[in-house]
Structures are given as C-alpha cells and as structure tokens.
Amino acid sequence: SLSLSLNVSRELELSEFNLYVTMPQGSTLERTDSVVADLESRIGDIEEIQDIVSTIYEEEASVSIVLKEDFEDIAGRSISQIKSDIQERIENFRTAEVSLSEPQSSRRFGGGSGANPVASLERMFGIGSAQEKVVIKGNDFELMNAVADDIKYHLDELDTISRTSLNIAGNRPEVHVIFDRLLMSRDSIPVSSVTSELATFQNEMTTEMSYKQGTEEYDIVIRNENIEETEKAKTFDDLAMLRIPNSSGDRFELGSISNIVYSYGLSGINRINQEKQIELTYQFESEVTDSKTYLETSRAEIDDIVAAITIPPGIAVEVIHDESDFSEFYFLIAAAFILIYMILASVFESLATPVVMMFTIPLATIGSFGALILTGNSIKNANSLIGFLILLGVVVNNGIILIDYTRILRRRGYRIQRALMTAGQARVRPIL
C-alpha cells in the first residue's frame, strides 16, 4: 500500500493533465475544432510540453497536455507553476469556457456525476487545484437555479475567485409538438399513429455505443438503408408536413392537428436523497491558496456573501470548503508507534529499552521540518505524511543498530559510557 501510494504520486507528477473546453449551445464540430486549434496555439510554445492531444465534440473538447520526462530541469518549474502559466494564457480566452478542472456541466467527461477520483487524488498529493463549492438544495428547480445564478454573480465579482462553474448541463434545443385533442378526436386519429410516424421520421439514430478498431473508435449509427446518401436532412417544415393516418386510412398533416414550437430543455437533473441539488463550484486564485491567512479571510468572505443573500422558503444553501481529511494518516502514525514499541519490546525483551529508542523519533523530525521549510512544502499533504511514516521505520532501524551493539559491548565488560562511545563510533557509517 505504501509503495503504491508513492508510485501513484510520481506517476501523477509525470502524467498528463487536461484542459476542458465548453462551447456555447449549438456550436458545430467545425467551430469547436477551430477554437481548440486557437487554444493549442496559445500554449504550444511552452517548453515543458511534449504532446498536446485533443478530443473534440460538437459543444465540448478535452485537451490533454503531456509534459516531458525531465520537465522540471528545463526551466526549473513545478507542475503547479506550469498550470499557473497556462491559466494566465487562457485568462482572456472569450470564445469558449476553458478550465484546468473538469466542468460540472460536462456530460462526456464525467462532470456532474460525482467527484473525480483522479482530481481528488491530485489534490491529496498537493499537485492539484483545490475546489470549493456551494450546494443549493430544494424541490423547485427554477427557484434553485435563480438562487445559484445570484450566488454565482456575486462570486464572479470577487478578485479572489479565478473561476466558477455550475453543474447544470446547458439547455439543449428541442421541438415540442402540442396536440389539439379536439381535432384528433374529431378526425379519429389515435396517439399510436402519431408515435409510429414520428419514429420513422428520422433518417438515422445513434445507439450510444462505439466500435473500437486498434486505436480508433467509431460511433455506431443505425440508418435506413432505403434512404439515399444524397437525401437532405429532415427539416422543421418536413416535420410539420408529416402525414398521420387515422383509423379509416385518411392522412392529415401533423401541423394541422398540432402546434409545433421550438424550445429548450434540461438534459439532466441531479437528485440526492430525493432532493434536487445544484452545485456551484469555485476556485480561488493561486495567491489565495498559498497563504493560510488569506485563504481563511477569503472563505469568510464567501460565507458572508451567502449569508447575506435572501434564500426563498424551501431552498437550503450550504457552503462546503475543501478540507483535506488526513485522519487515516494520523491513525496510521499512531498505530506505527504502538507496533514499533511492541516489536522492540519483544526483540530486546525489555519494556524500558524501547522507550529510550522511541525518544529518537522526535529528534529525527527536526531535520524533516527543516527540509519542509527549505523546500516550501506543507506537512498537510500525503507525500509528507507518508514520508513521516517511512521515517519512523528508518529511525528505529538506526536505534536498533546502535543499542544492540551497545548491549553486546556491555556483556563484554565495557562500562556504560565507554560502550555508548564505542558503539557510536563503530556504527556511525551504517547509520548514515
């Protein structure tokens, strides 16, 4: 488990990270491709980047950035500094919404379906960007959406916030057919006739499945084989002229028995414990997260803004700050102390000797804290805590080497002071 965590950390530092592009509603594939090409040109001259791989859809795109193996040696920048550089380059990118974190409204890249485990692991190891959120709960979705937009407006006005995002998927275009029940009853047109004719109206339909051949992946689409390739796509007018049969065989145009209108509809609604929920995620500027005092002040400002907003009845708002939970590490460190004492007590057949050896552990942390200060790292991340777990075992090994040889010299007749001095001189090299 320990080696797996270390390997994952190192792999994350060297692996790719993504830029997520969200286009305006109704954008075509060609338009998205053009925007992504512009984005690639903005970041293409960064020396540390080895490859840029883009996955493009009609209204969304993902740009994977792969860094060179020795990227830290090129300009002396860490992965966090490289991300900050990219963030500055895309700051004024107005043609689309671009972010280094997964958009909550994304349907293709997993947004809105829960926490991203990779992003969570990155934040745990101190190489990801922390995100906090405001959760709006209730049953009236339109009212919740209005509250969420209100909070988002106030957060966007703050200089401490770099970006905000709602997990509401963008409204998708729809065509609503509103039937005149009186006319359908008079002309004996059953609803089943309407549904069957509408089912044959489309030239093709997607199966939401894909076919993989080597490294290529193709969407599977079912198409009517009687339709010529040159036939034009069905239009709004074609839908209105669709002829619906009645029970006696006479046909009526769909537009004559219904009102056909353009509209928009939500592609999905999140519900937790039978309660509708909207998440507004926001990300602080890097200078805010680098200072604990500044971060606490900014969080208090967010709390004050939310508390000052008038919340309608039936709506609940909760601000959730990103606090890393290291309780498992604290338990592991405590368990390590207990297990080390038990092992030492059984090895030396003494209850007092292990206590003496355990006092060497706090002394060893002096150098560790100094190293953390010099390198600018925090103890509140998984790398540092795993390092302290390893340190427990290393320090105890040194103590075993020293005390065991001291006990051997004592059995040979050495005085305690002389035995300690001799053991220290003889064992300094293996300890180092």
Side-chain angles (χ1 to χ4, degrees), residues 20 22 83-84 87 90-91 97-107 110-117 119-120 122-124 126 128-171 266-327 378 380:
Y20 296 95
T22 303
K83 286 184 176 182
S84 298
Q87 187 71 51
I90 64 176
E91 192 72 29
E97 181 183 344
V98 184
S99 66
L100 283 161
S101 55
E102 200 171 86
Q104 291 292 308
S105 60
S106 173
R107 299 189 301 274
S113 59
N116 183 355
S120 301
E122 284 184 339
R123 291 197 299 271
M124 183 179 181
S129 54
Q131 283 194 353
E132 312 200 349
K133 60 185 177 182
V134 179
V135 180
I136 300 95
K137 302 177 183 179
N139 291 316
D140 190 334
F141 196 81
E142 292 185 1
L143 198 57
M144 293 165 56
N145 196 10
V147 173
D149 287 337
D150 192 14
I151 298 175
K152 186 177 187 298
Y153 170 79
H154 286 88
L155 295 188
D156 287 335
E157 294 296 312
L158 298 178
D159 295 333
T160 56
I161 302 295
S162 62
R163 62 176 296 274
T164 60
S165 176
L166 286 170
N167 70 333
I168 305 174
N171 290 339
L266 292 173
S267 60
I269 295 176
N270 294 327
R271 192 191 304 274
I272 298 178
N273 296 329
Q274 300 182 351
E275 206 171 33
K276 295 176 183 177
Q277 180 170 302
I278 296 176
E279 290 186 3
L280 168 61
T281 58
Y282 57 92
Q283 185 175 331
F284 288 113
E285 296 285 356
S286 57
E287 57 265 21
V288 176
T289 55
D290 290 341
S291 170
K292 183 177 180 179
T293 304
Y294 199 5
L295 179 61
E296 292 177 351
T297 304
S298 301
R299 284 175 171 173
E301 186 178 21
I302 300 294
D303 294 335
D304 293 340
I305 289 176
V306 174
I309 293 177
T310 303
I311 307 298
I315 304 296
V317 179
E318 179 185 6
V319 181
I320 300 177
H321 299 301
D322 186 21
E323 300 289 354
S324 300
D325 184 13
F326 295 110
S327 57
S378 170
K380 288 295 185 103

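Sequential numbering from 1 along the given sequence is applied to the chain's residues.
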Worksheet item: Any side-chain heavy atom of Leu155 sitting closer than 4.5 Å to one from Leu158?
Response: yes

Worksheet item: What distance do Asp140 atom CG and Asn145 atom CG have between them, rounded to the nearest 0.5 Å?
Response: 10.0 Å

Worksheet entry | Spatial distance of atom CD (Glu301) from atom NE2 (His154) [nearest 0.5 Å] | 11.5 Å

Response to the item:
Rounding to 0.5 Å, atoms CD (Glu285) and CD (Gln87) come to a distance of 7.5 Å

Worksheet item: Can you tell if the side chain of Asp303 reaches within under 4.5 Å of the side chain of His321, non-hydrogen atoms only?
Response: yes

Fill in: Thr160 side-chain N/O to Phe284 backbone N/O, donor-acceptor pair under 3.5 Å
no

Worksheet entry | side-chain hydrogen bond (donor to acceptor under 3.5 Å, both in side chains) against Asp149, all qualifying residues, sequence neighbours excluded | none

Worksheet item: How about Thr164 and Ile151: do any of their side-chain heavy atoms sit closer than 4.5 Å?
Response: no

Fill in: Residue pair Pro313 / Leu143: nearest heavy atoms and the distance that separates them
O-CD2, 4.4 Å

Discussion item. The criterion is salt bridge (charged side-chain N to carboxylate O under 4.0 Å, His left out); which residues satisfy it with Asp156, sequence neighbours excluded?
Written reply: Lys152

Item to complete: Work out which heavy atom in Glu279 is nearest to a heavy atom in Lys133; give both atom names and the distance.
Response: OE2-NZ, 3.5 Å

Worksheet item: With a 4.5 Å limit on heavy-atom distance, are the side chains of Ile315 and Ile136 in contact?
Response: yes

Worksheet item: More than 12 heavy atoms of other residues, nucleotides or ligands under 6.0 Å from CG of Asp304: is that the case?
Response: yes

Worksheet, complete the sentence: Correct closest heavy-atom pair for Ile278 and Ala148 would be CG2-CB, 4.0 Å

